[in-house]
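Please read the structure below before turning to the comments.
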Amino acid sequence: RYHRDMSPTRSRTALVLLLATLFDAPLALGGASPQAPPWIALPVILALALLLVAPVPPTSWASLWVGRALLVMLGTAAVQLVPLPRAVLGVVSAKALELRDLASAADGPVSFAPLSLDPAATAGEVAKILLYSLTLIAAARVLSNRGGTVALLRAIAASGVLIAVLGYVQMALDVHQPYGHFGPMRPLYTATFVNLNHLAGFLGLTSLVALALVLRERGWQRWAWGAAAAVCGSGVFLSLSRGGILAFVLALVVLAVLAAARHLGRRLETATVLAVLLGTAGVATLFAYSRVVHELWTLSDEGTLLKAEIWRPLPSMLRDFPFLGIGRGAFATLYPHYKALPHTLTFTHLENEWLQLLVDFGPAVGIALLALLALSFARAVRQARERRWRLALVAALVFVALHNLMDFSLTLPAVALQALLLLLVGEWRAEAAPVAEQATSRLRWPRAAGGATLATLLVAGSYLATRYAIG
């Protein structure tokens with residue numbers, strides 16, 4: 001039994017630092033910059049240091065399917081960085097050796113080389129996976145306290161509201177780049193993400209988490225989280241991401257179907273889904289009716305399905321790298337050798353995160369990862385049968401899965417952290433909660449939000465200052 005507890009002050013501090021991480025990631029351009037993971041990781045490392053002095057909770061994150069998936073990713077990516085002798089590399093990945101020799105033709109054949117075609121990019125991905133693992137370790141400790149689940153969900157939803165409001169503020173100020181400095185100019189709505197498809201992925205997920213809180217809370221809090229869901233959902237429409245809009249609407253439909261399948265006496269779920277959908281569409285119509293309609297109307301235009309053309313060389317890639325893949329993050333280095341499109345464009349990702357796993361880690365490991373994630377999702381669905389508000393968390397995971405069929409938002413820490421935490425919450429068993437009342441239950445949300453905001457501003461400010469300093 002997990003009876004003993006940390007001091008209330010230490011517990012609150014650890015939770016605030018963990019929540020700050022959830023705000024840092026989207027504020028730091030979603031974590032798209034190579035310099036972002038260290039800054040994002042700082043609060044969670046401090047939180048983990050405080051949490052590790054507490055007793056070990058009865059449920060370990062590594063015993064859950066999502067934890068096992070992260071361990072497989074981390075181990076495989078680490079192996080991809082190990083320099084191998086030429087003879088061994090030729091056996092494990094003959095194509096990798098061929099490309100290595102081609103790149104070093106002037107210096108002669110390589111003697112040692114890693115499996116990854118871009119070791120620097122793979123090392124960056126290892127840093128991200130470590131960040132995700134540390135976050136889940138700290139989150140598992142928080143979930144072992146009463147009130148931890150609600151605190152995490154509130155933080156995820158609140159981070160979405162913050163980013164959506166920043167987008168509205170920048171739109172009102174006629175600012176068309178994140179912070180007025182980063183990335184290309186955008187015609188309408190931008191927040192803190194350089195890629196608006198990624199912005200749609202983040203806001204869609206947070207909107208559905210806010211919807212879960214609507215189904216869980218009572219009184220004025222229900223109305224507050226309903227407004228939060230509508231604000232985040234409207235950002236999905238204003239991002240003009242066709243894939244994001246379609247995935248968001250389909251996720252709401254899935255939620256309505258799941259609620260109806262339970263034959264609930266009350267029709268709260270259906271009414272809530274309709275209210276959020278109408279609210280988000282109404283706000284988007286108010287600000288950008290013609291642009292949103294145009295994006296949806298041109299779905300079948302030539303060039304819209306260009307992303308699907310990127311998948312054409314996939315069989316050749318899997319055949320040439322059958323064991324441990326090309327290295328996580330190395331797709332930009334490999335793609336020019338398989339490019340089949342006549343366009344001058346090049347791509348850094350396969351634009352389908354689920355197929356990307358097969359290429360990055362190899363077919364065997366990729367399929368194993370997909371299976372582990374599917375098992376994690378299945379357990380979350382089973383848990384949702386006990387509490388109806390968990391149905392919205394399932395819908396959020398469905399949204400992420402659908403959106404990443406035509407995007408790669410899961411490569412960003414801002415989206416990946418939230419999605420992994422939802423899987424963790426979805427798998428977490430109610431029996432894992434301690435019998436004794438924990439300090440987290442006594443945490444006052446406004447005080448926690450204030451502390452998380454302060455820590456976020458400090459970390460994000462340091463990050464942005466560094467970015468400006470290096471140009």
Side-chain angles (χ1 to χ4, degrees), residues 19-20 22-27 30 147 149-172 189 191-193 199-239 244-245 247-249 251-252 255-256 259 268-287 388-397 399-400 414-415 417-419 421-422 425 443-450 452-453 456:
L19 300 187
L22 300 181
F23 285 84
D24 288 337
L27 284 174
T149 298
V150 177
L152 285 178
L153 295 180
R154 286 174 174 173
I156 292 173
S159 67
V161 173
L162 174 62
I163 300 305
V165 170
L166 280 176
Y168 279 110
V169 170
Q170 291 183 153
M171 186 168 63
Y189 183 84
T192 59
F193 287 70
L199 174 63
F202 176 79
L203 292 179
L205 184 152
T206 54
S207 176
L208 290 162
V209 172
L211 192 54
L213 292 170
V214 172
L215 299 176
R216 185 188 184 280
E217 304 290 357
R218 296 291 183 269
W220 67 269
Q221 293 188 14
R222 172 174 291 173
W223 292 99
W225 290 118
V231 168
C232 294
S234 65
V236 176
F237 283 85
L238 293 177
S239 71
I245 294 171
F248 184 67
V249 173
L252 288 175
L255 176 57
L268 173 63
E269 286 80 359
T270 303
T272 302
V273 169
L274 291 176
V276 170
L277 180 58
L278 291 175
T280 55
V283 174
T285 299
L286 178 64
F287 287 98
R388 70 174 187 271
W389 59 268
R390 286 181 174 267
L391 293 174
L393 301 185
V394 172
L397 293 171
F399 166 78
V400 173
V415 180
L417 276 174
Q418 315 278 30
L421 284 174
L422 288 188
V425 171
L443 181 67
R444 297 294 183 266
W445 174 249
R447 187 181 303 172
T453 301
T456 295

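Residue indices begin at 1 and follow the sequence shown.
- In terms of modelled atom types and a separation under 3.5 Å, the side chain of Y168 and the main chain of G235 share no donor-acceptor contact.
- Two residues are said to be in side-chain contact when any heavy atoms from C-beta on lie closer than 4.5 Å; L208 and F248 meet this criterion.
- A heavy-atom distance below 4.5 Å is found between the side chains of L27 and L162.
- Counting heavy atoms from C-beta outward, E217 and V150 have side chains that approach closer than 4.5 Å.
- Distance alone, capped at 3.5 Å, is enough to place a donor-acceptor pair between the R222 side chain and the V214 backbone.
- Taking every heavy atom of both residues into account, A392 and L255 meet most closely at N-CD1, 3.7 Å.
- Nearest heavy atoms, A151 versus L19: O-CD2, 3.9 Å.
- Side-chain contact between F237 and L203 is absent, with no heavy-atom pair separated by less than 4.5 Å.
- Considering all non-hydrogen atoms of both residues, V425 and R390 come closest at O-NH1, 2.9 Å.
- At a threshold of 4.5 Å between non-hydrogen side-chain atoms, the residues I163 and L199 count as touching.
- Two residues are said to be in side-chain contact when any heavy atoms from C-beta on lie closer than 4.5 Å; C232 and V161 meet this criterion.
- In terms of heavy atoms, V209 sits closest to L153 at CG1-O, 3.5 Å.
- Atoms CG and CH2, from L215 and W389 in turn, are 10.0 Å apart once rounded to the nearest 0.5 Å.
- Among all heavy-atom pairs drawn from L417 and A25, the shortest one is CD1-CB, 4.2 Å.
- A pairwise comparison of heavy atoms in G201 and F399 identifies O-CE2, 3.2 Å as the closest pair.
- R154 places no side-chain N or O within donor-acceptor distance of the main-chain N or O of T149, the cut-off being under 3.5 Å.
- Between the OG atom of S159 and the CZ atom of F202 there is a distance of 3.5 Å, given to the nearest 0.5 Å.
- Using a 4.5 Å heavy-atom threshold, the side chains of L422 and I156 count as touching.
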